[in-house]
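Remember, it's a predicted structure, so these values are computed and weren't measured experimentally. Just so it is clear: chains get the letters A, B, ... in the order the sequence lines come, proteins before strands, and each one is counted from 1.
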There are 2 protein chains.
Amino acid sequence: MASVFPLAELRRSSDPFSWVDSIIKGDCVAALEALPDKSVDVIFADPPYNLQLGGALHRPDQSLVDACDDEWDQFASFEAYDAFTRAWLLACRRVLKPTGTIWVIGSYHNIFRVGATLQDLNFWILNDIVWRKTNPMPNFKGRRFQNAHETMIWASPDPKAKGYTFNYDALKASNDDVQMRSDWLFPICSGGERLKGDDGKKVHPTQKPEALLARVIMASTKPGDIVLDPFFGSGTTGAVAKRLGRHFVGIEREQDYIDAASARIAGVTPLGKTELTVLTGKKAEPRVAFTTLLESGLVKPGQVLTCARRRHSAVVRADGTLASGSEAGSIHRLGAKVQGVDACNGWTFWHVDDGHSLRPIDEFRAVIRSGLAKLD
Amino acid sequence: MASVFPLAELRRSSDPFSWVDSIIKGDCVAALEALPDKSVDVIFADPPYNLQLGGALHRPDQSLVDACDDEWDQFASFEAYDAFTRAWLLACRRVLKPTGTIWVIGSYHNIFRVGATLQDLNFWILNDIVWRKTNPMPNFKGRRFQNAHETMIWASPDPKAKGYTFNYDALKASNDDVQMRSDWLFPICSGGERLKGDDGKKVHPTQKPEALLARVIMASTKPGDIVLDPFFGSGTTGAVAKRLGRHFVGIEREQDYIDAASARIAGVTPLGKTELTVLTGKKAEPRVAFTTLLESGLVKPGQVLTCARRRHSAVVRADGTLASGSEAGSIHRLGAKVQGVDACNGWTFWHVDDGHSLRPIDEFRAVIRSGLAKLD
DNA sequence: TAGCTGTCTGAATCCCGGA
DNA sequence: GTCCGGGATTCAGACAGCT
């Protein structure tokens, strides 16, 4: 069983990371406040969207539209929901690493309020993702369109945050080599995946499909990262995180959900290291300086490089720069200059003529890298 | 030409419906305030999105993306945007019939604020509709998911409003006899439909496709209804309304847009009664990604795939890529690599051994398409 | 003519490490 | 924190021009 931490016990713990891979029993905001600053990599939140919240309802502090003054209860509910949303999002922001990101899922009942609150709190929306359901519940009365999707918001904790994890290359490779879009298609959680009690009834009313969480986690975390779910419910986030070699921490108030989630996670076997390796692109490969090509003799001073169409040419100089007419500079700068553009990847722009064909100097870089690879 | 009303002239008019089938030139809120109470059946609004773009964005080929950086899309703050949204929505509420409905389109930049404001003003959300674009602009830097959709909110002016128009049966009949879902697939507006000036440049930066408006109007209006568009722009709403036998009224500030819209609408011939019944059906077979096979459980991480002759093999990784020795990549790339060729169709190259025979993974794709997966 | 190739473009909040 | 510079990064569709 995944370990369960009563909140009071967690507060007494001397180990600042005792909560990793466990379920904290308690109120969402109180539990978040017991965790260290900047300690989790990704948050996945599936907050309640029932507007009839348990707590006291507050009168709106600003007077609202005159046309709607008879709808007092309705407005009071929105106010209370907004206050709740603000509170848990603020608590999430503190425990999230600056390089982390947060996902929130909801429907049209609540997602607009969540999105606006995220923006008000200076989170920076990266995408809104549409989960298209293959098998949504029909609209029985024929008075609306079939509500066939839910919406997730993916955001970083600051507009300037740049270092968040996004496994772009792996997602693209797994998607027929085209980049992953913002609309995802998955079945709802049913069948064997759906947790059921001894009475045969579903344990949790809104259990999310593991496939959805798997894509979220594969997209925005690395193996070993910590994924927090402040509304843990039946523990889908924890089960998928464990299976995918990530750490998790869940917060949940209801003992029944905790019991079900704990048993569920205990039954999950993590995948092995090979299966969990994430495909990375060129950005992750080691830098190779152009001078290394000269030092290794793959390219020689005085040699002429051209672009793929032989429209532009340049001479290699001994210091690792190129010269063309009166211009000179790095392979990138000179490539940009001769084309009259701002930027250029010199590795793919410049070619050598081997007698038969033009070959990009990027191939030499690959040779260097494979040599480096053999060294370790 | 569709008639154009300077706002001052409209105010002097003795005919309370002189503005029907015309474009009112002026500020959105001021113009709305010059219209009678409860006089329009449906409102379609495409307000500024408040994009908050940073610097220039270049495509990988160094060409510059023509960003929407118009003055009308700039707001000083979220508070300013909210105040603007509140003002025009309140003005819309007054002119809308109690049996009418309002549509608002937006992206993640603004739609959450619009949705929350609609709820604050006691509008009642009926659906959020996702417009999935067949041909969205890519994410050029590989730092996010491709932003491939926009969101529309469909709402009635009061939670208790019941008499709004929803042509459920017509939509269902036009949709292969299944009820219309909340996710719609349409191409962006381009080609001959896109209005261009004498200079060949697009007249309006954000012209919407007529097919989108056609579905909106066919779903939520009856022939002869009045459709109001408070941000008329290039007049798509007016053109489609006229073609579909509905009345329109547009509000627009910029003379250039008014001129283009007016000429455009003048060229539209309304359809006859019989033609007004039919519209669009489904789109082509969806692409199935390899990651879908993993997500559905048809293929599992760690599973071994081989080519038809078992000469090559590879291991499935959790991120939806394959690995073979030190090589890894998409099913297509790795298939090409192990064979030492440029390209390979991974779907037909890679096979699984089911104990009796080797079966191409393409068969699983067919299973996904038929909807048989995930039924357990 | 049909097909092929190259070019252009679309509501976009679009890099990152080291000095 | 800023500045600098290496060098990584795109999908679908319309259209023009050519064979």
D:dG7 to C:dG10 separation - C1' atoms, rounded to the nearest Å: 26 Å

Sugar-phosphate, base or nothing in reach of B:P136, heavy atoms under 4.0 Å: base

Whole-Å C1' distance, D:dC15 and C:dA11: 23 Å

is_close_aromatic(B:W131, B:W184), centroid dist under 6.0 Å: no

Atom-to-atom span, NZ of A:K282 to P of D:dT10 - whole angstrom: 10 Å

Touch class at under 4.0 angstrom, heavy-atom based, for B:R143 against every strand present: sugar-phosphate

Side-chain donor-acceptor pair present, B:S107, B:H109, cut-off under 3.5 Å: yes

Donor + acceptor pair across side chains of A:D183, A:H149 (<3.5 Å): no

Sugar-phosphate, base or nothing in reach of A:D362, heavy atoms under 4.0 Å: nothing

Shortest side-chain distance from B:L57, nucleotide among C:dG10, C:dA12, D:dA8: C:dA12

Touch class at under 4.0 angstrom, heavy-atom based, for A:R181 against every strand present: nothing

Donor-acceptor pair between B:D259 and B:Q255 side chains, under 3.5 angstrom: yes

Sugar-phosphate only, base, or nothing, as touched by B:E193 at under 4.0 Å among non-hydrogen atoms: nothing

Touch class at under 4.0 angstrom, heavy-atom based, for B:D66 against every strand present: sugar-phosphate

Sugar-phosphate only, base, or nothing, as touched by B:P47 at under 4.0 Å among non-hydrogen atoms: base

Sugar-phosphate, base or nothing in reach of A:A289, heavy atoms under 4.0 Å: nothing

Sugar-phosphate, base or nothing in reach of A:G329, heavy atoms under 4.0 Å: nothing

A:Y164 ring center near A:W154 ring center (under 6.0 Å): yes

Sugar-phosphate, base or nothing in reach of A:C344, heavy atoms under 4.0 Å: base

Atom-to-atom span, NZ of B:K202 to C1' of C:dG10 - whole angstrom: 6 Å

Quiz item: B:K208 side-chain donor-acceptor pair to C:dA11 base, under 3.5 Å: yes

Sugar-phosphate only, base, or nothing, as touched by B:G192 at under 4.0 Å among non-hydrogen atoms: sugar-phosphate

Atom pair distance, as rounded to whole Å: CD1 in B:I188 and P in D:dT10: 18 Å

Sugar-phosphate only, base, or nothing, as touched by B:T206 at under 4.0 Å among non-hydrogen atoms: base

Complement of C:dG3, any strand, by Watson-Crick or G-U distances under 3.5 angstrom: D:dC18

Rounded interatomic separation in angstrom, taking CG from B:D69 and C1' from C:dG10: 14 Å

Member of B:F231, B:F232, B:Y257 meeting the ring-ring contact (aromatic ring centres under 6.0 Å, His included) criterion with B:H204: B:Y257

B:K208 bridged to B:D229 by N-O distance under 4.0 Å: no

Residue closer to the 5' end of DNA chain D, A:S330 versus A:D177 (nearest nucleotide): A:S330

Between D:dA8 (C1') and A:R333 (CZ): distance, integer Å: 13 Å

Sugar-phosphate only, base, or nothing, as touched by B:N139 at under 4.0 Å among non-hydrogen atoms: base

Pairing partner of D:dA8 (Watson-Crick or G-U wobble, both distances under 3.5 Å): none

Output field: ring centroids A:F290/A:W350 closer than 6.0 Å: no

Gap in Å between the two P atoms, one belonging to C:dG17 and one to D:dT9, rounded: 14 Å

Touch class at under 4.0 angstrom, heavy-atom based, for A:I125 against every strand present: base

Donor-acceptor pair (no angle test) under 3.5 Å: B:R59 side chain, C:dG10 base: yes

Integer-rounded Å distance: C:dC14 P and A:L126 CG: 9 Å

A:R287, nearest nucleotide to its side chain (from D:dG6, C:dA12, D:dT10): D:dG6

Residue B:P138, side-chain heavy atoms: nucleotide from C:dA11, D:dA8, D:dT10 that is nearest: D:dT10

5′-ward residue of the pair B:Y49/A:G163 relative to DNA chain C: B:Y49

C1' gap between D:dG1 and C:dC16, integer Å: 16 Å

D:dG5 versus C:dC14 - spacing of their P atoms, nearest Å: 23 Å

